[in-house]
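Step one of this worksheet: look at the structure below.
Every chain is numbered from 1 and lettered A, B, ... according to where its sequence line falls, protein lines coming before strand lines.
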Amino acid sequence: MGIALQTFGLNKNFGGIQATADVSIAIERGARHALIGPNGAGKTTLINLLTGVLTPTTGRIELEGEDITRLPVHQRARRGLVRTFQINQLFAELTPLQTVAIAVAERMGRGFGLWRPLERDPKVMEESAALLRQFHLGDVMQEKTAALPYGKRRLLEITIALAARPRVLLLDEPVAGVPDSDRHEILDTVARLPDDVTVLLIEHDMDLVFSFARRISVLVNGALFVEGDTADVARDPRVRAVYLGEDVTHD
Amino acid sequence: MSGPQPAFPLARVSRRAEWIILAVALVSVLLLPRYYPVMNQMAIIALFAVSLDLILGYAGIVSLGHAAFFGLGVYTAALFAKHVHGDPFLGLVIAAIAAALLGLATAVLILRGTDLTRLMVTLGVALILLELANKLDWLTGGADGLQGVVMAPVLGLFTFDMAGRTAYLYSLTILLLMLFLARRLVASPFGMSLQAIRDNRLRAEAIGIPVNARLAAIYTISAGVAGIAGGLLAQTTSFASLDALDFQRSADILLVLVIGGTGYLFGGVIGAVIFTAMHHWLSAVTPQYWQFWIGLMLVVIVLAGRERLVRAILSPFTWLLGLARGRSGPAK
């Protein structure tokens, strides 16, 4: 199998606060790995370290064996480390088709093309349209993103990431705030992610975590608390203790 | 047609808009010979506004100092014609390169920071240039301006005449050419990635767009286009003066874009026509108070919203617009 993404003794301090404490984690290629933990456990900080929004105080990050600790966000994305956002980060004035086409063109290395209009690049446009249809966005791909219902924007959030054809995909709470009526489309999308894509899921929704993940890491106070196969973690009394008194199914 | 349809309806409208501008401009050549100098100003200000729209409307970079590039274009074209060569096109290329180099050099200042810091930094660069042009009077003529700019005929054929006919046609041609290129640019993958950065920089980075490189590139291009607009002014008026670099000019061009609208390129042209016309006629009627009316219009546009105003003005003619778009009946 081999390791897709790995961290070595990752630390991040904000002033006196240690948001990430000596996290060494290895995600296997093709994994369905979930990262859970109570609020304030440092999940967001860890995601930001992995994607390059933050630089670790100490420690190292490797993607497919290459050191990416100092690479900026866009270069990590180009190497196949792509994320979605807990709060939608979309291009409000553009359509889903334009949005996905921009990501596809960028991945193909055509992002600095100055002459041919993007919408007249058949290779980019056909792939983009196919991707959008595959993920339940075919009928709204010509509408302005800002005008889409929330559930559709949530789907677009994931589709953009897939357009970049990730090797490692970080899904940051994909069903956060999605009404029950729209959940099945998101869950279906997540379930249909290509097998060769390594997925790290950060989620509060335990139904989704237990149905999706084969392996779970539990983060508490910035440090890895428990790691193991889904069934083992579900039974682990320490994990139950951490979550005791917390609403397990929802944030 | 196979494959997806063009994504935005605006592109269809603006494709026609280019022809409408060309038609109106050509008719104006025949009908309004008295106004060649004014229409020449319109064309130049329109091009300057288009250059600002490239960064403001497409990349979301606000600037209160775009006159720096315009003014550098003015002085470069004037000095080049005076001391090196009188060919207009060659002069424009040199003006564009000079302004683009300044844009590239100062791009680092606008890559980071908020709108406010960008406003201050761009304003600062323009002020520095203004003071330089003022102090280097052996080169620029200082406060007296730079005179004695003599241009060779355009393409060696069309001499610049007293009525300003050649000047207007020359500026108009350059404007339409640059509009065409700009329209290609903003629809290209590069241009679309700018709009992605404008809408959400965080996400743009996350899909692999090198944000800083793209912003620096469009800032450089925009500066070059502003330099061409400035070059046109120097060449068609045979004069360069400090007001080309003045803060007023940076503020006016923002105003032009507020009047015409940002993010679709033709707003700069529409704004330039309205602004220059108002300037021309109002300052003839009420020389002291013409800015009062410009100010009033600005307040009304911002408060009432441009689209609502346009719709109110056009409502008696909507059936006509519908016809122009190839649909019958009033537009919704």
Side-chain angles (χ1 to χ4, degrees), chain A residues 51-53 72-85 88-122 124-126 128-129 132 141-146 157 160-161 163-164 170, chain B residues 1-12 14-15 54 57-60 111-112 180-218 220-222 224-225 261-265:
Chain A
T51 53
V53 175
V73 175
H74 70 92
Q75 283 186 20
R76 295 185 199 206
R78 292 185 157 201
R79 286 171 190 232
L81 179 60
V82 184
R83 70 174 293 185
T84 68
F85 291 85
N88 284 339
Q89 304 290 341
L90 302 172
F91 308 134
E93 299 296 315
L94 306 180
T95 67
L97 183 59
Q98 289 174 322
T99 299
V100 171
I102 289 168
V104 170
E106 212 58 58
R107 190 197 74 226
M108 291 180 173
R110 301 180 183 186
F112 238 119
L114 298 174
W115 184 245
R116 180 164 64 163
L118 180 61
E119 63 181 32
R120 280 195 237 155
D121 186 333
V124 170
M125 296 315 280
E126 275 157 25
S128 304
L132 285 159
M141 65 186 179
Q142 304 275 23
E143 284 170 35
K144 207 174 177 187
T145 298
E157 182 68 40
I160 300 175
L170 308 182
Chain B
M1 197 186 106
S2 67
Q5 295 291 312
F8 34 11
L10 203 68
R12 280 205 305 273
S14 29
R15 227 164 271 156
L54 283 176
Y58 288 91
L111 293 182
R112 298 245 156 237
F180 173 71
L181 293 177
R183 195 161 55 73
R184 292 295 294 214
L185 185 76
V186 298
S188 72
F190 170 75
M192 295 304 295
S193 75
L194 294 176
Q195 294 168 59
I197 294 167
R198 174 199 66 197
D199 277 9
N200 195 323
R201 182 183 178 129
L202 187 65
R203 170 61 90 169
E205 280 179 332
I207 58 174
I209 296 173
V211 169
N212 285 347
R214 297 286 157 87
L215 289 179
I218 193 60
T220 303
I221 291 170
S222 165
V225 177
T262 59
Y264 71 108
L265 292 179

Spacing of [X] atom [atom1] and [Y] atom [atom2] [to the nearest 0.5 Å]:
X: A:I102; Y: B:I209; atom1: CD1; atom2: CD1; result: 6.0 Å
X: B:I207; Y: A:Q89; atom1: CD1; atom2: CD; result: 12.0 Å
X: A:F91; Y: B:Q195; atom1: CZ; atom2: CD; result: 10.5 Å

Quiz item: Parallel, tilted or perpendicular: which fits the ring planes of A:W115 and B:F180, with parallel below 30° and perpendicular above 60°?
Solution: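 Plane angle over 60°, so perpendicular.
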
Quiz item: Do you know which of A:V53, A:L90, A:V82 has the most heavy-atom pairs with chain B at a distance under 4.5 angstrom?
Solution: A:L90

Quiz item: Do you know which of A:A105, A:A103, A:G111 has the most heavy-atom pairs with chain B at a distance under 4.5 angstrom?
Solution: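 Heavy-atom pair counts peak at A:G111.
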
Quiz item: Contact part of A:E143 toward chain B, heavy-atom cut-off under 4.5 Å: side chain, backbone, both or neither?
Solution: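 It is neither, since no heavy atom gets under 4.5 Å.
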
Self-check item: Summary of salt bridge (charged side-chain N to carboxylate O under 4.0 Å, His left out) pairs that have at least one residue in residues 88-111 of chain A, sequence neighbours excluded
Solution: A:R78-A:E106, A:E93-A:K144, A:E106-B:R214, A:R107-A:E127, A:R110-A:D121

Quiz item: So, for A:A77 and B:G208, which heavy atoms are closest and what is the spacing to 0.1 Å?
Solution: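 Here A:A77 and B:G208 meet closest at CB-N, 3.5 Å.
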
Quiz item: Do A:P117 and B:R184 have side chains that get closer than 4.5 Å, going by heavy atoms?
Solution: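 Sidechains of B:R184 and A:P117: in contact.
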
Exercise. Start with the C-alpha gap between A:T51 and B:E205, add the side-chain angles, then the distance that decides, and say whether side-chain contact (heavy atoms from CB on, under 4.5 Å) holds.
Key: CA-CA 10 Å; A:T51 53; B:E205 280 179 332; over 6 Å; no

Quiz prompt | Criterion side-chain contact (heavy atoms from CB on, under 4.5 Å) on A:F85 and B:N200, from CA distance to verdict | solution = CA-CA 12 Å; A:F85 291 85; B:N200 195 323; over 6 Å; no

